[in-house]
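The structure appears right after this line, and notes come after that.
In the text below, chain A, chain B and the rest are named by the order of the sequence lines, each starting its count at 1. Only this structure's heavy atoms are used, side chains among them; waters, hydrogens and symmetry mates stay out.
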2 protein chains.
Amino acid sequence: MLQRANFHYDKQINNAVLLGSEPNCIQELFRRQPVERLVAGQSLFFEGDAAKHLFEVVEGILRIFKIISNGRRVITGFLHAGDIVGVSLKDHYLYSAEAITDTKVRRFSRKAFDSEVASSPELGPEVFARLCDEMAAAQDQMVLLSCKSAEERICTFLLRELLRAVSEGQADFVIELPMTRLDIADYLGLTIETVSRSITKLTSKGVLAPVGRHSLRVVKRSALVQLSGSDDESAGDGWKLAGCERRPRH
Amino acid sequence: MLQRANFHYDKQINNAVLLGSEPNCIQELFRRQPVERLVAGQSLFFEGDAAKHLFEVVEGILRIFKIISNGRRVITGFLHAGDIVGVSLKDHYLYSAEAITDTKVRRFSRKAFDSEVASSPELGPEVFARLCDEMAAAQDQMVLLSCKSAEERICTFLLRELLRAVSEGQADFVIELPMTRLDIADYLGLTIETVSRSITKLTSKGVLAPVGRHSLRVVKRSALVQLSGSDDESAGDGWKLAGCERRPRH
DNA sequence: CGCTCACTTGACGTTGCTCAAACCGAGTGG
DNA sequence: CCACTCGGTTTGAGCAACGTCAAGTGAGCG
């Protein structure tokens, strides 16, 4: 709907360069590519399109999602600065990608990427590692969607975001949520109303505190962990031996 | 329990044997490994264990699953003959694997596998392709869990099984379900009761017919497709242009 | 024969979805 | 400065799908 908003592609010379030394990490490949800008809402590519390029997110946030038959949307992930999208693809994109905020990306041709990977002994394992991480994330998401309650989903989500924020040097416990409630809902398999209600409930319990319009402060991290229903850092007290007795689902 | 019901596998020698030369496909690597047997219910490995081996399923079915903090179990997939498990792993298994039926597997050391892959130009792409398929499957599952109703999940599941059965040469529309209802429930994010009720409802609608104790006959494939809520083979009538208006969730 | 285990069926309760209205901050225009 | 709109968000009331609990069935097996 909105992708015809200015594409200023800078006519990037795809994989010029590579002068000098062998690249020894994936990011290195992108380093010399020109930066392209996307405005909020603009599409980067569509599910089903021929996957001719990989992208590195330089700045901003994107959502990747699928639309299914009856118009329902499923967001399968968010992309942040430093992420690379398109590694896990064969010939066609499995999902669409859209900028949530204004965004900068770098582009690399898939063909060139493949040959770079084939020719460098360093790159193969890194690609592989990224795929594994992606797979692990997908599995975590399946766990979340399979059997977590609304509140648990929200808490899990917020903890993930917190972890990212902290790992990026955010010292105070503030997480930014540039995406809309609808994005969060479509990501967690809930509705906007349920997302909203859950967050309200958590703030009224004193676990969260609102900060400005699109940020939250985590007041009680431990409570968040408990409510997330994950075994994140709960003592590993031998539950693995307990077998699979049925427990309440929510 | 039931799994020794006739397996007539014809002992399909997958891709006839390539003796001598470099292995040019993954299955080839496993061909010379001894077959190990698992009885129904036996574990192959556990989530968190060091991932020292990959396995090829020669015969039988396994479930792969995670147990989360409060004892809940999530089945992330089933493994069938020809599947290879362990490709998408770094150092530790992401999930546990258990035989559902009596099962035969072959084992290959991870270290040897990695060096084989590194040394063969043919294997790398195949590993990559398998990872991509795994990723695509995980995404489909996320879609299913995110926003499909109980009946849609069951129909989607049955269609997948039907597709597999047909692709393995099963001519009549009969699908075998050696796993228990609990397995199906834990795979689809439902309860056994809901699974049971949905199947009953589908048989009473004439879409399915029971065959023996653990098989189902698909009477109306098209109905199953419609009820599955996927865009599997519904005409691609431009829904992609329709944007993301909200539609009922169930 | 009677046990067990998987499954089915029924009655009931709760979570989270639906529908609807109110709210609020950011623009925009007077 | 205010009035107005417009998205995104919050809040409330009602309802339905699905989970929970419990009882009943039927096949396999000692």
Side-chain angles (χ1 to χ4, degrees), chain A residues 1-2 40-41 63 70-73 100-101 144-155 177-186 188-204 208 210-216 227 229 243-250, chain B residues 1-5 40-41 63 70-73 100-101 144-155 176-186 188-204 208 210-216 227 229 243-250:
Chain A
M1 43 182 78
L2 29 80
R63 56 184 159 243
N70 39 9
R72 291 176 289 190
R73 184 183 69 163
I100 291 178
T101 63
L144 180 145
L145 295 169
S146 265
C147 63
K148 287 194 175 179
S149 70
E151 193 173 68
E152 287 173 329
R153 294 181 199 202
I154 296 287
C155 291
L177 300 174
M179 65 289 286
T180 69
R181 296 294 139 111
L182 183 56
D183 287 332
I184 299 175
D186 285 351
L188 299 179
L190 302 169
T191 58
I192 44 177
E193 294 94 334
T194 303
V195 170
S196 182
R197 273 187 257 269
S198 300
I199 291 179
T200 317
K201 197 166 142 203
L202 287 170
T203 66
S204 74
L208 302 175
V211 174
R213 188 99 180 112
H214 273 278
S215 297
L216 286 173
L227 291 170
C244 316
E245 356 76 85
R246 293 297 277 169
R247 296 291 186 79
R249 201 160 260 268
H250 295 303
Chain B
M1 41 194 86
L2 35 82
Q3 62 288 10
R4 41 135 178 55
R63 56 185 159 243
N70 40 8
R72 290 175 290 191
R73 183 183 69 162
I100 291 178
T101 64
L144 181 146
L145 295 169
S146 265
C147 64
K148 287 194 175 179
S149 70
E151 194 174 67
E152 288 173 330
R153 294 181 199 202
I154 295 287
C155 290
E176 307 226 346
L177 301 174
M179 66 288 286
T180 69
R181 296 292 138 110
L182 183 56
D183 288 331
I184 299 176
D186 284 351
L188 298 179
L190 301 169
T191 58
I192 44 177
E193 293 94 335
T194 302
V195 170
S196 183
R197 274 186 258 269
S198 301
I199 291 180
T200 314
K201 196 166 143 203
L202 287 170
T203 66
S204 74
L208 301 175
V211 175
R213 190 105 177 107
H214 273 276
S215 297
L216 286 173
L227 292 171
C244 317
E245 358 73 86
R246 294 296 278 168
R247 296 291 186 78
R249 201 159 260 269
H250 295 302

Length of the NZ-C1' vector between B:Lys148 and C:dC17, whole Å: 19 Å

Rounded distance (nearest 0.5 Å) linking atom CD of B:Glu193 with atom CZ of B:Arg181: 12.5 Å

Pairwise side-chain contact, B:Arg73 with B:Leu182, heavy-atom cut-off 4.5 Å (strictly under): yes

Any B:Thr191 side-chain nitrogen or oxygen under 4.0 Å from OP1 or OP2 of D:dG19: yes

side-chain N/O A:Thr200 vs D:dT11 OP1/OP2, d < 4.0 Å: yes

Value rounded to 0.5 Å, distance of OG in B:Ser196 from NZ in B:Lys201: 13.0 Å

Protein-nucleotide distance (B:Glu152, atom CD; C:dC17, atom C1'), rounded to Å: 14 Å

Difference in axis direction between the ends of the helix from C:dC1-D:dG30 to C:dG30-D:dC1, five pairs, 10°: 20°

Heavy-atom side-chain contact between A:Leu144 and A:Glu152 under 4.5 Å: no

B:Ile192 CD1 to D:dA22 C1', straight-line distance once rounded to whole Å: 12 Å

Sidechain-backbone polar pair: B:Arg63 side chain, B:Asp183 backbone, donor-acceptor under 3.5 Å: no

Nucleotide C:dC12, atom P - distance to CD of B:Glu193 in whole Å: 16 Å

Contact under 4.0 Å: B:Thr194 side-chain N or O vs D:dG19 OP1/OP2: yes

Spacing of A:Asp186 atom CG and A:Thr180 atom OG1 [to the nearest 0.5 Å]: 8.0 Å

Gap between atoms NZ and C1', on A:Lys201 and D:dT10 respectively (whole Å): 16 Å

OP1 or OP2 of C:dC7 under 4.0 Å from side-chain N/O of B:Ser196: no

Any N/O donor-acceptor pair, B:Arg197 side-chain to C:dG10 base, under 3.5 Å: yes

B:Leu202 side chain near B:Leu227 side chain, heavy-atom distance below 4.5 Å: yes

Nearest listed nucleotide, side chain of A:Arg181, among C:dA6, D:dT9, C:dG16: D:dT9

A:Arg213 CZ to D:dT10 P, straight-line distance once rounded to whole Å: 7 Å

Rounded distance in Å - CZ (A:Arg72) to P (C:dT18): 10 Å

Length of the CG-P vector between A:Asn70 and C:dT18, whole Å: 11 Å

